[in-house]
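Here is the structure we will look at.
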Amino acid sequence: VVTYNIMIKGYCKSGRTRDAKGKLREMKMKRVGPDKITYLTWIQACYWDEDIASCVSLFNEMVEKRLEIPSHAYSLVISGLVKEGKCYEGFAVFDCMVKNGCKANVAIYTALIDALAKSGNGEEAMKFFERMKDEGCEPDEVTYGVIVNCLCKAGKLDMALEYLKFGHEKNIRVNAVVYSSIIDGLGKGGRVDEAEKLYEEMLDKGCTPDSYCYNTLIDAFTKCGKIDEALTLFKRMEDVGCDQTVYTYTILISGLFKEHKTDEALKMWDMMIDKGITPT
RNA sequence: CUAAGAGCUCU
């Protein structure tokens with residue numbers, strides 16, 4: 001079994017799923033029963049192929065065969081399900097995990113919180129966040145990213161700022177994702193000055209803004225008519241070596257057109273093409 | 001077996 005597992009894994013990793021399937025058939029013919037590692041490897045391969053239906057059926061086979069289910073397997077199946085928007089089914093697998101006495105890790109909790117938030121159950125997401133902490137699982141910077149984004153999208157900006165503070169207090173390595181979410185929220189809520197302050201705060205705290213941070217702030221500036229500030233940031237991106245993406249250009253082109261600066265908009269387009277950036 | 005979870009443009 002071990003040799004077969006290693007072969008199957010090798011094939012999957014090099015993208016030769018077909019050969020892997022062949023080895024699996026060979027196992028069955030030689031009556032070598034697949035074990036939990038075989039299943040785990042196979043579920044991982046299906047996950048990489050974005051074939052979640054197969055992940056689930058393999059998982060169900062494991063349950064039927066009463067195989068011990070590794071937490072990796074739960075993690076992959078739950079992440080796969082919620083990625084497809086199947087929040088309810090994700091929770092069914094979670095319940096199954098709890099029943100089997102397997103402890104969920106921070107990634108599983110975070111994926112489920114995000115799934116609740118994205119399906120419009122912001123309140124439930126916050127409750128589940130509390131439950132996670134009650135059950136002794138420490139949230140990390142990704143969890144905070146999900147929570148803050150959830151609050152921003154619900155327009156609860158002040159609460160998002162509170163959670164940013166909590167994160168700092170708990171010594172979470174608050175990263176650019178959290179900042180970009182709030183900058184975006186503030187910008188879209190018309191609180192551009194605060195968005196700019198937050199950008200400065202992150203510099204003060206030694207957190208390097210990435211292209212998402214710049215793009216959200218540039219977007220905020222263009223939408224309130226501050227095109228010059230937007231262009232200043234665009235230049236700063238260049239100066240500090242932050243990648244200008246198709247989002248950066250799209251936001252600026254749109255802003256320039258809105259200000260009737262058609263020539264500059266067209267120049268921006270050419271600049272984008274020159275840099276080898278493909279418009280979407 | 002070492003994976004697995006978050007953010008930006010138009011709609």
Side-chain angles (χ1 to χ4, degrees), chain A residues 1-10 12-13 34-45 47-48 52 55 68 70-83 90 93-94 104-118 125 129 132 137 139-153 160 163-164 167 172 174-188 195 209-223 230 233 237 242-255 257-258 268 272 277 279-280:
Chain A
V1 210
V2 178
T3 322
Y4 273 112
N5 285 346
I6 290 168
M7 287 303 293
I8 290 172
K9 188 179 174 125
C12 289
K13 277 213 164 171
D35 67 355
K36 61 173 181 175
I37 307 289
T38 320
Y39 275 103
L40 177 61
T41 308
W42 201 246
I43 289 175
Q44 176 75 63
Y47 186 87
W48 283 331
I52 307 305
C55 288
E68 184 202 324
S71 62
H72 277 90
Y74 284 114
S75 192
L76 289 163
V77 173
I78 292 174
S79 305
L81 284 169
V82 301
K83 204 176 285 186
V93 176
F94 175 79
N105 60 29
V106 58
I108 292 176
Y109 280 109
T110 305
L112 287 169
I113 292 171
D114 189 46
L116 286 170
K118 296 240 163 74
F129 178 60
M132 159 184 185
C137 185
D140 66 6
E141 67 273 18
V142 179
T143 318
Y144 271 87
V146 169
I147 291 293
V148 162
N149 188 35
C150 168
L151 291 168
C152 286
K153 290 280 146 66
Y163 276 91
L164 172 66
I172 307 282
V174 177
N175 58 22
V177 175
V178 174
Y179 280 105
S180 72
S181 285
I182 309 184
I183 291 173
D184 189 47
L186 289 169
K188 289 194 167 61
D210 63 6
S211 69
Y212 283 71
C213 296
Y214 282 103
N215 292 345
T216 49
L217 193 52
I218 290 174
D219 187 50
F221 280 140
T222 63
K223 298 232 159 100
L233 278 177
M237 287 178 85
C242 179
D243 273 342
Q244 294 157 337
T245 66
V246 63
Y247 281 79
T248 318
Y249 284 99
T250 308
I251 292 163
L252 280 168
I253 290 170
S254 158
F257 271 125
K258 211 169 60 187
M268 220 20 113
M272 175 177 75
I277 295 169
T280 52

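Just so it is clear, the model here is predicted, and its values are computed rather than measured. Reminder, nothing fancy here: chain letters follow the sequence lines and each chain counts from 1.
A:Tyr179 is not listed as a side-chain neighbour of A:Val148, based on a closest heavy-atom distance of 4.5 Å or more.
With sequence neighbours left out, A:Lys188 forms a salt bridge (Lys or Arg N to Asp or Glu O under 4.0 Å) with A:Asp184, A:Asp219.
In this structure, A:Ile277 CD1 and A:Gln244 CD are separated by 7.0 Å, a value rounded to the nearest 0.5 Å. A:Ile183 CD1 to A:Thr216 OG1: the interatomic distance, rounded to the nearest 0.5 Å, is 5.0 Å.
Stacking here means ring centres nearer than 5.5 Å and ring planes tilted less than 30 degrees, and by that measure A:Tyr247 does not stack onto B:U9. Stacking annotation: A:His72 is stacked on the base of B:U2 (ring centroids less than 5.5 angstrom apart, interplanar angle below 30 degrees).
Checked against B:A4, B:G7, B:C8, the side chain of A:Asn105 finds its nearest nucleotide in B:A4. Relative to the side chain of A:Lys118, the nucleotides B:C10, B:A4, B:G7 differ in distance, and B:G7 lies closest. Here the side chain of A:Ala176 is nearest to one of B:C8, B:G7, B:A3, namely B:G7. Checked against B:A4, B:C10, B:C1, the side chain of A:Ser75 finds its nearest nucleotide in B:A4. Residue A:Lys9 places its side chain closer to B:U2 than to any other of B:G5, B:U2, B:A4. Proximity note for A:Thr216 (side chain, C-beta onward) versus B:A6, B:C8, B:C1: the nearest is B:C8. Taking the side chain of A:Leu76 as heavy atoms from C-beta on, and the options B:G7, B:A4, B:C1, the nearest nucleotide is B:A4. Out of B:A4, B:A6, B:C1, the shortest distance to the side chain of A:Asp114 is found at B:A6. Considering only the side chain of A:Lys13, B:U2 comes nearest among B:G5, B:A6, B:U2.
As judged by a 4.0 angstrom heavy-atom cut-off over every strand, A:Ala107 is placed among the base-contacting residues. Using a 4.0 Å heavy-atom distance criterion, A:Val106 is classed as a base contact. Note on A:Ser181: only backbone sugar-phosphate atoms sit closer than 4.0 angstrom, heavy atoms only; bases stay farther off. Contact annotation for A:Ile37: base contact, defined as any heavy-atom pair under 4.0 Å involving a base atom. Contact annotation for A:Thr280: no contact, since no heavy-atom pair falls under 4.0 Å across all strands. Across all strands shown, A:Val142 has heavy atoms under 4.0 Å from base atoms, whether or not it also approaches the sugar-phosphate.
Between the base of B:G5 and the side chain of A:Asp140 there is a donor-acceptor pair shorter than 3.5 Å. With hydrogens and angles ignored, a donor-acceptor pair under 3.5 angstrom links the side chain of A:Thr110 to the base of B:G5.
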What pattern of brackets, bars and dots sums up RNA chain B from 5' to 3', given Watson-Crick or G-U wobble pairs under 3.5 Å, [ ] for crossing pairs and | for another strand?
...........

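No option in A:Val106, A:Asn105, A:Thr110 other than A:Asn105 meets the side chain to side chain contact (heavy atoms under 4.5 Å, CB included) test with A:Ile108.
Distances shown here put every side-chain N or O of A:Lys83 at or beyond 4.0 Å from the OP1 or OP2 atom of B:A6. Look at A:Lys188 and you won't find any side-chain N or O under 4.0 angstrom from OP1 or OP2 of B:G7. Applying the 4.0 Å criterion to OP1 and OP2 of B:C1, one finds that A:Trp42 has every side-chain N and O outside that range. Contact between the side-chain N/O atoms of A:Tyr144 and the OP1/OP2 oxygens of B:G5 is not found at any separation under 4.0 Å. Between A:Lys153 and B:C8 there is a side-chain polar atom (N or O) within less than 4.0 angstrom of OP1 or OP2.
Between A:Tyr144 and A:Tyr163, the two ring planes are tilted [angle within 30° to 60°].
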